[in-house]
Amino acid sequence: MPVQIGARSHSFSDPTGLLSDCHRRIEMFLGTLERVASVIDRHLTEDTRPALESALRYFREAAPKHTADEEESLFPRLRLVHLSCVEAAIERLDLLELDHVLAGSLHAEVEALGQRCLATGSLESTDAEAFRKAIATLVAIYKQHINVEDNFVFPLAARLLSSTDKAAIADEMAARRG
């Protein structure tokens, strides 16, 4: 992954910051998939092949850990905070989890089409259009999803969760990554 000059990187001691950092990687790899989608009906080049491989690997291996970080570690703890200011966030958690399900099915489609492209060098027009449509839908889902989490859910969690909860979330995140 390229180094971004001036980019802030968080550690496990700041789990919501680390989750937000993951969002930047998701956006980067979605951008990669958008660029590949624009040429996927033509022969993959020495630039597009590794880009596609890298993006598919990220969404196959790393992104599910991010989803688990949210659904198994962060969201359950937020649901246990019984303050009126958290109620609106809790209502959004169900929608965020639905986004994860929708994105998961789209990622499975992108993975299958991407692997087909890697095997053959390009996609036929019908498959290329399906790939482009899946990527466009993913971009739309993630744009809204990331906005809600980065600007509403994560700041609320950072402010309201106890240091014990944050440490437990961090430990769980680290364990998922071995």
Side-chain angles (χ1 to χ4, degrees), residues 1-34 54-112 114 133-178:
M1 181 173 321
V3 174
Q4 296 177 354
I5 305 291
R8 184 169 180 213
S9 181
H10 296 87
S11 69
F12 286 109
S13 64
D14 180 5
T16 55
L18 195 56
L19 287 168
S20 189
D21 291 345
C22 289
H23 286 167
R24 304 298 74 80
R25 286 185 287 281
I26 289 168
E27 291 165 339
M28 181 188 74
F29 283 113
L30 282 174
T32 298
L33 289 174
E34 284 181 302
S54 178
L56 291 176
R57 183 175 44 258
Y58 176 81
F59 285 112
R60 182 178 57 248
E61 297 174 8
K65 293 172 186 164
H66 175 84
T67 298
D69 294 339
E70 293 177 354
E71 291 187 357
E72 297 172 21
S73 298
L74 178 65
F75 294 175
R77 286 176 175 87
L78 271 177
R79 285 186 169 106
L80 295 175
V81 176
H82 298 290
L83 297 171
S84 59
C85 61
V86 179
E87 290 176 17
I90 290 173
E91 290 174 11
R92 293 182 180 190
L93 298 183
D94 291 337
L95 296 174
L96 294 171
E97 289 171 332
L98 180 58
D99 286 346
H100 291 156
V101 172
L102 295 172
S105 65
L106 288 165
H107 281 301
E109 180 180 3
V110 167
E111 173 73 18
K133 183 178 178 185
I135 297 303
T137 304
L138 279 169
V139 167
I141 289 170
Y142 277 115
K143 182 178 181 180
Q144 182 272 337
H145 183 95
I146 287 171
N147 183 53
V148 169
E149 288 182 345
D150 280 350
N151 296 307
F152 187 66
V153 175
F154 294 171
L156 191 67
R159 198 170 62 248
L160 296 178
L161 291 179
S162 70
S163 57
T164 303
D165 281 337
K166 291 175 190 175
I169 291 168
D171 289 345
E172 292 164 12
M173 289 172 70
R176 281 185 195 95
R177 286 151 182 85

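Evaluation of the salt bridge (charged side-chain N to carboxylate O under 4.0 Å, His left out) rule for Glu34 yields no partner, not counting sequence neighbours. Applying the salt bridge (charged side-chain N to carboxylate O under 4.0 Å, His left out) test to Glu71 and every residue at least two apart in sequence or in another chain returns nothing.
Side chain of Ser105 to backbone of Leu102: a donor-acceptor contact under 3.5 angstrom is found. In this structure a side-chain-to-backbone donor-acceptor pair under 3.5 Å is missing from Ser20 to Thr16. Side chain of Lys166 to main chain of Ala158: a donor-acceptor pair is present (N/O by atom type, distance under 3.5 Å, no hydrogens or angles).
Taking a cutoff of 4.0 Å between a charged side-chain nitrogen and a carboxylate oxygen, Asp99 and Arg92 do not qualify as a salt bridge.
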Decide yes or no on side chain to side chain contact (heavy atoms under 4.5 Å, CB included) for Val153 and Leu156, but give the supporting numbers first.
CA-CA 5 Å; Val153 175; Leu156 191 67; 5.9 Å; no

Would you sort out whether Glu70 and His66 count as a side chain to side chain donor-acceptor pair (under 3.5 Å), showing the intermediate values?
CA-CA 6 Å; Glu70 293 177 354; His66 175 84; 2.8 Å; yes

Verify side chain to side chain contact (heavy atoms under 4.5 Å, CB included) between Arg77 and Thr164, making sure each step is shown before the conclusion.
CA-CA 11 Å; Arg77 286 176 175 87; Thr164 303; over 6 Å; no

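The CG atom of Leu93 sits 7.5 Å away from atom CG of Leu74, with the distance rounded to the nearest 0.5 Å. The CD1 atom of Ile141 sits 11.5 Å away from atom CD1 of Ile146, with the distance rounded to the nearest 0.5 Å. Taking CD1 from Ile169 and CZ from Phe75, the interatomic distance works out to 10.5 Å, rounded to the nearest 0.5 Å. A distance of 7.5 Å separates CG in Asp69 from CG in Leu18, rounded to the nearest 0.5 Å. Separation of atoms NE2 (His145) and CD (Glu97) is listed at 9.5 Å; rounding is to 0.5 Å.
Looking only at side-chain heavy atoms (C-beta outward), Tyr142 and Leu30 come within less than 4.5 Å of each other. Contact of the Leu33 side chain with the Phe59 side chain is registered, since non-hydrogen atoms from C-beta on lie closer than 4.5 Å. In this structure, the side chains of Leu106 and Glu109 come closer than 4.5 Å at one or more pairs of heavy atoms. Inter-residue side-chain proximity for Arg176 and Ser73 is flagged as met; some heavy-atom pair is nearer than 4.5 Å. In this structure the side chain of Val110 reaches within 4.5 angstrom of the side chain of Ile135, judged on heavy atoms.
Closest heavy-atom contact between Ala55 and Thr32: CB-CG2, 4.1 Å. Here the closest non-hydrogen pair linking Leu160 and Leu83 is CD2-CD1, 4.1 Å. Looking at every heavy atom in both residues, Val86 comes nearest to Leu78 through CG1-O, 3.7 Å.
Annotation: cation-pi geometry not satisfied between Arg25 and Tyr58 (NZ/CZ under 6.0 angstrom from ring centroid, within 45° of ring axis).
Applying the salt bridge (Lys or Arg N to Asp or Glu O under 4.0 Å) test to every pair with at least one member in residues 134-155, sequence neighbours left out, gives these pairs: Arg24-Asp150.
Remark: the Glu27 side chain and the His23 side chain contain no N/O donor-acceptor pair separated by less than 3.5 Å.
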